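Here's the structure we're looking at; comments come further down.
Here the structure is a predicted model, which is why all the values come from computation and not from measurement. Start at 1 and go down the list; that is how both ligands and their atoms are numbered.
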Amino acid sequence: MYDVIIIGGGPSGLMAAAAAGAENKKVLLIEKGNKLGKKLAISGGGRCNVTNRLPQEEIVKNIPGNGRFLFSPFSVFNNEDIIAFFENLGVPLKEEDHGRMFPVSNKAMDVVNALLDELKRLKVDIKLNAPVSKLLMNEEKVIGIRLATGEEITAGAIVVAVGGKAVPQTGSTGDGYPWAEKAGHTVTDLYPTEVPLLSSEAFIKSKELQGLALRDVAVSVLNKKGKAIITHQMDMLFTHFGLSGPAILRCSQFVVKEIKKNGGPVSVRIDSLPEINEEETFQKLLSSIKEDPKKAVKNVWKGLVPERWLLFLLEQAKIQESEDGQNLSHEKIRSLAHLLKQFVVKVHGTQPLEKAFVTGGGVSIKEIEPKTMASKKKAGLYFCGEILDIHGYTGGYNITSALVTGKLAGMSAAKVF
Ligand SMILES: Cc1cc2nc3c(=O)[nH]c(=O)nc-3n(C[C@H](O)[C@H](O)[C@H](O)COP(=O)(O)OP(=O)(O)OC[C@H]3O[C@@H](n4cnc5c(N)ncnc54)[C@H](O)[C@@H]3O)c2cc1C
C-alpha cells in the first residue's frame, strides 16, 4: 500500500513524484518503458527547452490550447519556480531567443538526471517495465492500479501522468484516455498540433523547393473567404511532402481545425516581406530596376529574398531571370510584388498525430480543480501533463505545463493524508 502512485515517468510524472516525495509520503512511480523521461531526453533537439522566461501573460498566449487554465496553477508554481528548481538541483539554465530556457550544458539528459537524482534522494520507489492496464476504483474513489501482469497495487491517491499520443515510440500511446473516461471524465477530440503540413501542389510534388528555408516570413492560415485566421512571423521550410519549420508548426492546429470545420484544402499564405506592404514592395522592385536598367533582374533583386525563392517566384510571375529590367512591364513587376507578399500554398492536411510534437485535446480541464489538479469526478484521482486538454506552441511551453501541473498534482495528492 502506497500513499501516492504516479503513473508515467515523463516530465509531469517525474515532477509529481518529486513533489509527493518532498511531503514525506510513501510514493511509487510506475513507468511502462525501460527508462524514465524518454521524450524529455529527446526534447528541444536533445537540448530540452525546459521552460520560458516571458511574462506569464505571454506564456499563456503561447499556449493556445486552454493556456488560461494555467493562471491558477502558476500562482502556486510557475516558470520562475521551474528555473529555481533546476538551479537548486545543480542544472543552471540560460535564456535564448523568445525567452526560451535551456540547460547551460545544452544537454537534455542533465535535466532528466537531475530529476532522477532528486527522486533517489527523496526515496521514491520506481518500477520500470511495468505498464499499467487499469485504475482500480469504487463508486467514490480510486483505490489502486492493475499492471499488465495482473499485479495489483493499492494507494490512497493516484496521479495519471501518462502523456498524450504524439511520438508513441517514447511510450506515450494514449493509455490514460479510457481510464479517465471510466472515471467519469470527458476526453475532448484528439488531434495533432505542432505538426508539418501536407501539400500536393505541383511545386511540392516536383521537390523543386525541398530544403528551402525562408527566414522571418509571415505565414497565415486563411479561411474560405480568404481572411487570415492566424498569422505567425517566424522561419519556415519547404519539404518533400509540404511545409514545416516553426511558423508552420504554430499554424498547423488552425489548419486542422479549419479542415474539420469547412473541409480542405486550406490556403496557407506566405508573406516574404512582412515589414512593407504590396505597393511599397512594387516601388522597391521598380526603383532598383531604375538604378540598374540594363542588369538581369535576378541580379537586380538578389538579396531581397533567398535566391532559390526569387528564381521560383520569377518563374511564377512569368519573368525571365536573365531579362533586364528596363523592358519589363509594370504589370509583371506588380505580379512579382504580389507573389512576394501573398504566395498561397494549398495544403490538404497534416502529418498524423504520431508524428506531431504535441497532442491537441485530452482530459477536459473543466473537470479538474485548477489549484490541485484533482479530478472533480473521482476522489483521490489527479491528472497532469499532456493528457490534459492543454497544448502550447513549441518554445518550452509544453514542458512548462507538464512541470507546473505535475508539481501541483504530486503535492496535492500527498497532502490528502
Ligand atoms: C521530439 C519532441 C521534442 C519536444 N521538445 C520540447 C521542448 O523542447 N520543450 C517543450 O516544452 N516541449 C517539447 N515537446 C513536448 C513535450 O516533450 C511533451 O509535451 C511532454 O513530454 C509531456 O510530458 P508528460 O509528462 O505529460 O508526458 P510524456 O513525456 O509523454 O511521458 C509520459 C510517460 O508515461 C509513460 N506511460 C504511458 N502509458 C503508460 C502506462 N500504461 N503505464 C505506465 N507508464 C505509462 C510513458 O512511457 C512516458 O514515459 C517535445 C515533444 C517531442 C515529441
Qualifying side chain to side chain donor-acceptor pair (under 3.5 Å) pairs with a residue from residues 137-146, counting only residues at least two apart or across chains: R146-E152
What are the atom names and distances for all N or O pairs under 3.5 Å between ligand 1 and the protein?
unit_1	atom_1	unit_2	atom_2	d
ligand 1	5 (N)	G44	N	3.0
ligand 1	8 (O)	G44	N	2.9
ligand 1	8 (O)	N49	N	3.2
ligand 1	9 (N)	N49	O	3.0
ligand 1	11 (O)	G396	O	3.4
ligand 1	11 (O)	N398	N	3.2
ligand 1	11 (O)	I399	N	2.7
ligand 1	19 (O)	E386	OE1	2.5
ligand 1	25 (O)	P11	N	3.3
ligand 1	25 (O)	S12	N	2.9
ligand 1	25 (O)	S12	OG	2.7
ligand 1	26 (O)	S12	OG	3.3
ligand 1	26 (O)	E386	N	2.8
ligand 1	30 (O)	S172	OG	2.7
ligand 1	38 (N)	D175	OD2	3.4
ligand 1	41 (N)	V132	O	3.1
ligand 1	41 (N)	D175	OD2	2.7
ligand 1	42 (N)	V132	N	3.0
ligand 1	44 (N)	K32	N	3.1
ligand 1	47 (O)	E31	OE1	3.4
ligand 1	47 (O)	E31	OE2	2.5
ligand 1	49 (O)	E31	OE1	2.6
ligand 1	49 (O)	E31	OE2	3.3

Cationic N near anionic O, under 4.0 Å, R68 to E57: no
Results of side chain to side chain donor-acceptor pair (under 3.5 Å) for E307 - residues two or more places apart only: none
Main-chain N/O of G164 paired with T359 side-chain donor or acceptor, under 3.5 Å: no
Parallel, tilted or perpendicular: ring planes of H232 versus F254, cut at 30 and 60 degrees: tilted
Taking distance alone, no hydrogens or angles, what donor-acceptor pairs closer than 3.5 Å link side-chain atoms of residues 235-248 to residues at least two apart or in another chain?
unit_1	atom_1	unit_2	atom_2	d
D235	OD1	D216	N	2.8
D235	OD2	R215	NH1	3.2
T239	OG1	F241	N	3.2
T239	OG1	G242	N	2.9
T239	OG1	G242	O	3.2

